[in-house]
Amino acid sequence: MPELPEVETVRRGLHDRIIGKVISSVTHDTPRSFPNDDSSVKEFLTGSTIIAVRRRAKVLMIDLSTAYSLVIHLKMTGQLVYDGKERFGAGHPSDSLVGTLPDRSTRVTLSFEDGSVLYFNDQRKFGWVRLMPTANISDLPFMRTVGPEPLEPWFTATQFAARLERHPKANIKATLLNQTVIAGVGNIYADESLWGAMIHPKRLTGSLKPEEVELLYSEIRSVMNLSIDKGGSSNHTYVNADGKKGSYMDFARVFRRQGLPCPRCGTVIEKIRVAGRGTHICPVCQQE
DNA sequence: CACTTGACCTGTCCGC
DNA sequence: TGCGGACAGGTCAAGT
């Protein structure tokens with residue numbers, strides 16, 4: 001689902017709501033959504049306090065007072081929805097957006113001592129929640145290989161260029177989606193930033209001119225910063241921790257806008273297939 | 001090795 | 001209305 005801006009939006013929402021809460025019980029439906037599938041783990045979780053909510057790439061980490069963490073990947077359709085009870089009674093506007101929880105896509109339910117609840121919903125079951133020692137997170141294969149955070153100030157255009165140079169024969173869209181190159185870019189922001197930089201997604205990474213790389217670098221950052229500002233992008237399955245939708249799609253220039261005019265030149269936006277993914281381009285602004 | 005494709009799941013939408 | 005197939009905001013394993 002969710003790419004960096006959506007996961008960051010969820011992280012911020014959770015940070016403001018669940019820090020200091022004490023877990024009272026944990027339930028789950030399918031083992032694949034909660035691989036630590038035994039009662040002792042759940043017993044172990046009970047009574048622990050949430051001390052931090054962090055993000056790396058598209059992965060969320062909920063740190064507990066026990067020096068363990070819940071590590072969460074939402075993949076394509078995962079959601080984390082907090083129900084504070086005291087504010088979200090029946091009839092709250094969020095009810096009409098996400099329905100009443102839990103529902104049939106609820107995979108993990110985290111209950112807190114104060115009566116509030118955090119639901120992990122995931123229609124396609126690709127996502128997961130797993131418990132591990134906080135200190136071991138950095139040893140996960142994904143964490144060892146994932147690229148730099150694109151919005152951090154120390155991530156420079158020079159560094160971006162150097163990382164692109166490692167994949168000269170792959171098309172630029174595949175390279176942007178490659179999490180070992182740069183963290184957190186997914187299908188939406190790959191398309192949006194390539195349009196912004198006027199680069200065709202099928203261009204080989206090695207064919208990009210230095211000025212194109214520099215423009216792409218700044219487009220990735222500005223598009224993602226804008227999206228975080230707007231609370232992320234929402235489709236029918238994405239909601240933030242409030243159960244509300246983000247508004248970035250109101251600002252999207254090409255993503256899911258096939259058949260509509262390019263905001264830059266008015267040419268009809270096309271949808272093609274690149275790197276196995278639906279890809280949106282302006283055929284005039286982005287020459288192959 | 002570098003790069004691309006298929007598989008993992010469930011649900012929805014579109015064309016016949 | 002029913003049915004088949006394509007497709008969906010990600011990642012990893014297997015294939016070329």
Side-chain angles (χ1 to χ4, degrees), chain A residues 1-10 29-35 55-60 71-80 98-99 103-107 120-130 140-147 163-195 201-207 220 223-224 227-228 230-240 245-259 271-280:
Chain A
M1 105 165 198
E3 307 182 28
L4 187 155
E6 289 74 34
V7 179
E8 177 60 20
T9 299
V10 171
D29 68 344
T30 160
R32 67 184 307 124
S33 298
F34 193 93
R55 177 192 62 76
R56 174 76 169 100
K58 302 169 190 170
V59 178
L60 277 168
V71 181
I72 303 168
H73 202 306
L74 302 173
K75 292 292 181 82
M76 301 281 266
T77 53
Q79 310 172 336
L80 281 171
V98 297
D103 63 21
R104 80 183 135 166
S105 72
T106 300
R107 308 302 173 199
F120 172 69
N121 270 28
D122 185 21
Q123 181 180 99
R124 292 173 75 179
K125 301 182 182 174
F126 290 169
W128 41 258
V129 177
R130 38 202 279 201
L140 289 172
F142 178 88
M143 292 298 184
R144 298 178 70 91
T145 58
V146 69
R163 299 187 77 85
L164 292 188
E165 280 174 18
R166 302 180 191 176
H167 307 274
K169 299 281 200 59
N171 63 58
I172 184 60
K173 173 142 181 181
T175 303
L176 290 180
L177 295 176
N178 182 343
Q179 298 297 295
T180 71
V181 173
I182 178 172
V185 179
N187 209 31
I188 298 176
Y189 304 104
D191 283 7
E192 290 289 294
S193 57
L194 286 167
W195 178 88
K202 283 186 177 169
R203 292 267 307 280
L204 295 189
T205 302
S207 78
I220 290 167
V223 155
M224 285 193 165
S227 184
I228 290 172
K230 300 301 176 190
S233 303
S234 290
N235 69 4
H236 65 104
T237 59
Y238 170 74
V239 289
N240 63 26
K245 302 199 170 207
S247 68
Y248 176 80
M249 287 305 289
D250 295 340
F251 300 83
R253 286 88 49 98
V254 286
F255 193 79
R256 294 214 185 114
R257 294 182 60 78
Q258 61 271 27
K271 184 174 182 183
I272 61 176
R273 202 146 190 93
V274 182
R277 314 295 302 276
T279 299
H280 311 77

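So you know, we letter chains A, B, ... as the sequences are listed, proteins then strands, and number each from 1.
Between A:H73 atom NE2 and B:dC9 atom P there is a gap of 17 Å when expressed in whole angstrom units. Between the NZ atom of A:K202 and the P atom of B:dC3 there is a distance of 18 Å, rounded to whole Å. The nearest whole Å value for the distance from the CZ atom in A:R144 to the C1' atom in C:dT11 is 19 Å. A straight line from CG of A:D122 to P of B:dC9 spans 12 Å, rounded to a whole angstrom. The CD-P distance, from A:Q79 to B:dG11, rounds to 13 Å in whole Å. Between the CG atom of A:L74 and the P atom of C:dT11 there is a distance of 10 Å, given to the nearest Å. Atom-to-atom, CE of A:M76 to C1' of C:dA6 comes out at 13 Å; the value is rounded to the nearest Å. Protein atom CD1 of A:I188 is 12 Å distant from nucleotide atom C1' of C:dG10, rounded to whole Å.
When the P atom is used for both C:dC7 and B:dT5, the distance is 14 Å, rounded to whole Å. Comparing the P positions of B:dC9 and C:dA14 gives a spacing of 15 Å, expressed to the nearest Å.
In this structure, the side-chain contact (heavy atoms from CB on, under 4.5 Å) partners of A:F126, at least two apart in sequence or on a different chain, are A:K75, A:M76, A:R124. Applying the side-chain contact (heavy atoms from CB on, under 4.5 Å) test to A:T106 and every residue at least two apart in sequence or in another chain returns A:L101, A:P102, A:D103, A:T109, A:Y119, A:N121. Partners of A:R144 according to the salt bridge (charged side-chain N to carboxylate O under 4.0 Å, His left out) rule, which considers only residues two or more places apart in sequence or in another chain, are A:D139. By the side-chain hydrogen bond (donor to acceptor under 3.5 Å, both in side chains) test, A:D191 pairs with A:K173, A:H280, sequence neighbours left out. Take A:S193 and apply the side-chain hydrogen bond (donor to acceptor under 3.5 Å, both in side chains) test, not counting sequence neighbours, and it matches no residue. Residues satisfying the salt bridge (charged side-chain N to carboxylate O under 4.0 Å, His left out) criterion with A:R163, sequence neighbours excluded, are absent altogether. By the side-chain contact (heavy atoms from CB on, under 4.5 Å) test, A:S247 pairs with A:K230, A:D250, A:F251, sequence neighbours left out.
OP1 or OP2 of C:dG10 lies within a sub-4.0 Å distance of a side-chain N or O belonging to A:R277.
Among B:dC9, C:dG10, C:dA8, the nucleotide with an atom closest to any side-chain atom of A:R273 is C:dA8.
In this structure, A:D29 pairs ionically with A:R107, as a charged nitrogen and a carboxylate oxygen lie closer than 4.0 Å.
A:L60 and A:R55 make their closest contact through CD2-CB, 4.3 Å (heavy atoms, listed as atom of the first residue, atom of the second, distance). Here the shortest heavy-atom pairing between A:G278 and A:K271 reads CA-CE, 3.9 Å.
Proximity of A:R130 to A:L140: side-chain heavy atoms (C-beta onward) are separated by under 4.5 Å at one or more points.
Counting non-hydrogen atoms under 4.0 angstrom, A:G278 reaches the backbone sugars and phosphates but no base. Residue contacts for A:Y189: at a heavy-atom cut-off of 4.0 Å it reaches no nucleic acid atom on any strand shown.
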Side-chain donor-acceptor distances from residues 174-186 of chain A under 3.5 Å, at least two apart:
| from | atom 1 | to | atom 2 | distance (Å) |
| --- | --- | --- | --- | --- |
| A:T175 | OG1 | A:N171 | O | 3.1 |
| A:T175 | OG1 | A:T205 | OG1 | 2.7 |
| A:N178 | OD1 | A:T180 | N | 2.9 |
| A:N178 | OD1 | A:T180 | OG1 | 2.8 |
| A:Q179 | OE1 | A:G184 | N | 2.9 |
| A:Q179 | NE2 | A:L177 | O | 3.2 |
| A:Q179 | NE2 | A:V185 | O | 2.9 |

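The CH2 atom of A:W195 lies 5.0 Å from the CZ atom of A:R253; values are rounded to the nearest 0.5 Å.
Heavy-atom distances under 4.0 Å link DNA chain C to A:Q179, A:G186 of residues 163-186 of chain A, given in residue order. Near-neighbour residues of DNA chain C inside residues 249-257 of chain A, defined by a heavy atom below 4.0 Å, number-ordered: A:F255, A:R256.
Taking the six-membered ring for Trp and the full ring otherwise, the centers of A:Y248 and A:F255 sit at least 6.0 Å from each other.
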If you restrict it to nitrogen or oxygen atoms, what contacts under 3.5 Å exist between nucleotides 5-8 of chain B and the protein, and what is each distance?
| from | atom 1 | to | atom 2 | distance (Å) |
| --- | --- | --- | --- | --- |
| B:dC8 | O3' | A:R32 | NH2 | 3.4 |

* Let me have DNA chain C in dot-bracket notation, would you? Count Watson-Crick plus G-U wobble pairs, both distances under 3.5 Å, and use [ ] for pairs crossing earlier ones and | for inter-strand partners. => .|||||||.|||||||
